[in-house]
Every structure is written in C-alpha cells, then in structure tokens.
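As a basis for the values below, the full set of heavy atoms in this structure was taken, side chains included, without hydrogen atoms, waters or symmetry mates. Positions are given from 1 along the sequence. Computed from a predicted model, the values in this text were never measured in an experiment.
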Amino acid sequence: SVEQQRLLGGQAPSLYDMRNLFQVNVEEGRHLWAMAYLLHRYFGRDGRDEAEDLLVRRSGNEDSPRILGAFNQPIETFLDFLCFAMFADRDGKYQLAALAESAFSPLARSTQFMLTEEAHHLFVGETGIARVVARTVELMQQSPNEDVTDLGGIPLDLLQKHINSWVSVCLDLFGGDDSSNAAHYFAAGLKGRYKEASAEENSDHTALEGVYELEVPGENGTIGTKEVPMRRAMNRLLQDGYYNDCARAVRKWNSIIAKAGIQYELSMPSVRFNRMQGPFAGLPFAPNGEIVLGKTTAEVVAAHTPSRKDIAYEIEIMKPVREPGKFANWIAAPKNGINRQAIDFEYVRFT
C-alpha cells in the first residue's frame with residue numbers, strides 16, 4: 001500500500017490530510033516489518049526465503065506482483081486513498097482480529113498491536129469519505145442543476161463507482177468462500193474467527209458441527225444455495241462481518257445526504273459483482289446482484305467503476321493545498337484536529 005500511495009502527497013487536500021497519509025504509510029511499513037520479523041525469527045531458512053519473496057514483490061509489477069489483487073490496484077487519486085483506508089484497511093481489521101486469536105503467541109501479539117494502528121487508518125477512510133459527501137452535498141445545493149463538476153466537486157455517482165470498485169476487490173482478499181485451507185488454519189489453531197473469544201455466536205470453538213448456506217450461481221442467471229461445513233466457510237464468515245461493517249458506514253454517509261435534502265443513496269455493491277474469488281468469479285453480475293445477459297464481465301465492470309475520464313477529472317481538481325487550516329474545494333474540513341491540535345495547526349512543515 002505504501003508503493004501504491006507514494007505519489008499522493010502531491011494531491012493532499014490539506015496539511016491535515018497529508019499528515020494522515022504519512023502516518024498511514026509509516027504504520028503500514030511497520031506492519032510489513034513485523035511480518036518479515038516473524039518469518040525470520042521463528043521459521044528458520046524457510047521463513048527467510050518467504051520474507052525475501054515478500055520483499056521483492058512490487059505492486060502492479062507484471063513479473064512479480066503482489067499476491068493479493070487489491071494491492072496491485074492503481075491508486076491515482078486521493079479519493080482512492082480514502083477508499084483504500086476505508087475498505088482495504090477494514091479487511092485488515094478483520095484479518096488481523098482473526099489472527100489475534102492465534103495459538104501461535106508471537107503472531108497473536110504482533111497482530112494485536114497492529115490492530116491499534118489499523119483503527120486510525122479506518123478513521124481516516126470513513127471520516128474522509130464522509131467529508132467528501134458533506135462537501136458534495138454543499139456544492140449540490142449551490143448548483144442550480146446539482147452538477148458539482150461545474151464547481152470542482154466529486155459527484156455522488158462517481159463516489160459510488162469508487163465504492164463499487166474497492167468493495168469488490170477487497171471482498172476477494174478474504175479468499176475462497178468454501179476453503180479447505182481456511183478449515184486447516186482453524187483446526188490447527190493458527191487463525192480464529194472475528195473476536196473468537198468474546199462473540200456469542202462463536203461459543204462453539206471447535207466448529208465441528210453446523211453448516212453455512214452459501215449462494216451459488218444456477219442456470220440462466222438464477223441463484224441457488226449449497227451447504228458448506230462451518231470450518232470450510234471461515235473465510236465467508238469473516239467476509240460477512242466485513243460487509244456488514246462497511247454497510248454501516250455507508251448508512252452514515254447516506255444520513256449526511258438525507259439531512260441535506262438530496263434525493264440520492266449510496267449503496268454497497270452485491271457480493272456477486274466484479275469477483276475474482278468465490279462461486280461468482282468471472283460472471284457478469286451488476287452491483288445490484290442481477291446478472292447482465294449479452295455483455296461480458298469486463299463490460300459490466302467498466303460501466304460501474306471509474307473510467308479513465310473520471311480519473312482524469314479527479315486528478316484535475318485535486319490540487320494540493322499547503323496553507324494551514326485551508327482545504328481543497330472537493331472535501332470538507334474535519335470536525336477536529338489531530339491529537340487535540342487546532343485544525344489550522346502546521347501538521348506538515350516544508351524546508
């Protein structure tokens with residue numbers, strides 16, 4: 001993620017946002033260091049080889065890309081960074097929380113520490129998008145036809161395209177919905193469920209019984225179900241918690257729109273849209289969950305995610321603002337500063 005975000009200082013809409021970007025980058029780099037340390041410290045030659053493989057991969061590199069697709073996605077605008085912090089780091093929250101339940105104590109201790117830092121990343125993403133929404137509805141109220149592009153704002157339908165794109169690629173981070181690997185990790189005590197020790201629904205810590213009703217595609221766009229043993233559905237259980245958490249944030253953003261009297265609702269894309277993992281991988285399902293007959297998956301995805309024209313527009317309006325207390329036109333100011341500092345505090349100094 002540091003590689004993906006390395007050029008965004010040139011688009012930061014304020015010193016407040018630039019400071020947040022830098023903190024996220026520093027902490028993400030430390031998370032990589034922690035994983036490499038665990039491999040070196042506890043797994044001998046195999047661990048050192050794995051750590052070396054981890055370090056030679058490059059985001060988007062054709063010959064040696066990152067294993068997880070979300071970390072190969074281009075992040076060309078600051079809005080993508082906010083979406084990454086909101087959606088990709090929220091995946092990190094659920095994955096780290098599951099690993100914090102590990103019986104391998106060094107891994108559990110490391111991930112518990114990472115979770116404290118991940119909380120700030122989620123704050124940056126969720127409140128950052130809320131600030132985009134707040135500023136957009138202000139500009140919509142100023143525009144006679146509610147077209148905020150005339151005023152240099154982010155249209156809500158463009159924000160929806162970003163949500164579609166990032167939610168779908170982040171759902172793939174959880175892996176297969178029916179996974180023997182997930183069952184093995186759980187059985188070996190390497191990974192638990194989200195808040196395994198405290199959640200009431202996780203009271204059976206062996207998960208030897210029970211099944212998960214998994215949606216699967218049928219003929220002619222119909223949807224069926226199949227029963228998956230609970231242990232094999234561990235990835236999907238994490239994914240469900242993640243999806244519901246994201247939906248909660250979208251409801252908060254919609255409350256901002258509703259209070260402004262704007263007739264528009266942001267929405268979560270269906271788990272069937274733009275998938276590379278799971279039973280709906282590679283199928284042309286729209287964000288509303290309905291199959292689109294007569295079009296390729298690429299055509300369906302392109303219609304509901306940011307286009308090159310959209311990205312070019314965002315780059316055009318995202319001029320950096322480096323005066324303390326000032327913010328770019330496309331985003332609202334935060335309610336509070338960082339660490340009890342004033343909003344016009346000099347969060348970043350240039351020499």
From [X] atom [atom1] to [Y] atom [atom2], the distance as rounded to the nearest 0.5 Å:
{"X": "Q239", "Y": "D172", "atom1": "CD", "atom2": "CG", "value": "8.5 Å"}
{"X": "L159", "Y": "W253", "atom1": "CG", "atom2": "CH2", "value": "7.0 Å"}
{"X": "K335", "Y": "I343", "atom1": "NZ", "atom2": "CD1", "value": "11.0 Å"}
{"X": "E76", "Y": "D310", "atom1": "CD", "atom2": "CG", "value": "11.5 Å"}

Looking at [X], I'd like to know if its [atom1] atom is crowded, meaning that more than 12 non-hydrogen atoms belonging to other residues, nucleotides or ligands lie closer than 6.0 Å.
{"X": "E213", "atom1": "CD", "result": "yes"}
{"X": "L55", "atom1": "CG", "result": "yes"}
{"X": "Y42", "atom1": "OH", "result": "yes"}
{"X": "Y185", "atom1": "OH", "result": "no"}

Open item on the list: Once you measure the plane-to-plane angle for Y347 and F345, does it fall in the parallel (<30°), tilted (30-60°) or perpendicular (>60°) bin?
Closed with: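 Perpendicular.
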Open item on the list: In terms of relative ring orientation, are F174 and Y242 parallel, tilted or perpendicular, with 30° and 60° separating the classes?
Closed with: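 Rings of F174 and Y242: tilted, as their planes differ by 30° to 60°.
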Could you check if a side-chain atom of [X] sits within less than 4.5 angstrom of a side-chain atom of [Y], using non-hydrogen atoms only?
{"X": "K191", "Y": "E101", "result": "no"}
{"X": "R231", "Y": "L208", "result": "yes"}
{"X": "S64", "Y": "R58", "result": "no"}
{"X": "L21", "Y": "F78", "result": "yes"}
{"X": "R90", "Y": "C170", "result": "no"}

Answer yes if the ring centres of [X] and [Y] are under 6.0 angstrom apart, and no otherwise.
{"X": "Y94", "Y": "Y243", "result": "no"}
{"X": "F81", "Y": "F84", "result": "no"}
{"X": "Y37", "Y": "F113", "result": "no"}

No-hydrogen, no-angle side-chain donor-acceptor test under 3.5 Å, [X] and [Y]:
{"X": "D17", "Y": "S14", "value": "yes"}
{"X": "N329", "Y": "R135", "value": "yes"}
{"X": "Y194", "Y": "D245", "value": "no"}

Open item on the list: Just to verify, which of V292, I291, L283, N274 counts as forming a side chain to side chain contact (heavy atoms under 4.5 Å, CB included) with V300?
Closed with: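 Testing V300 for a side chain to side chain contact (heavy atoms under 4.5 Å, CB included) against V292, I291, L283, N274 leaves exactly one candidate, V292.
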Open item on the list: When you measure from the side chain of R322 to the backbone of P13, do you find a donor-acceptor pair of N or O atoms at a distance under 3.5 Å?
Closed with: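 No, R322 side chain to P13 backbone: no donor-acceptor pair under 3.5 Å.
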Do the charged groups of [X] and [Y] touch, with an N to O distance under 4.0 Å?
{"X": "R45", "Y": "D49", "value": "no"}
{"X": "E3", "Y": "R57", "value": "no"}
{"X": "R248", "Y": "E126", "value": "yes"}

- [ ] Provide the closest heavy-atom pair for Q160 versus E265 in the form atom of the first, atom of the second, distance.
- [x]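 In terms of heavy atoms, the two residues are closest at OE1-O, 4.2 Å.
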Task: Atom of L79, atom of I154 and distance for their closest heavy-atom approach - done: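 Heavy atoms only, the tightest pair is CD2-CG2, 4.0 Å.
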Open item on the list: Which residue in the set R232, R236, R272 passes salt bridge (charged side-chain N to carboxylate O under 4.0 Å, His left out) when paired with D177?
Closed with: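 Passing option: R236.
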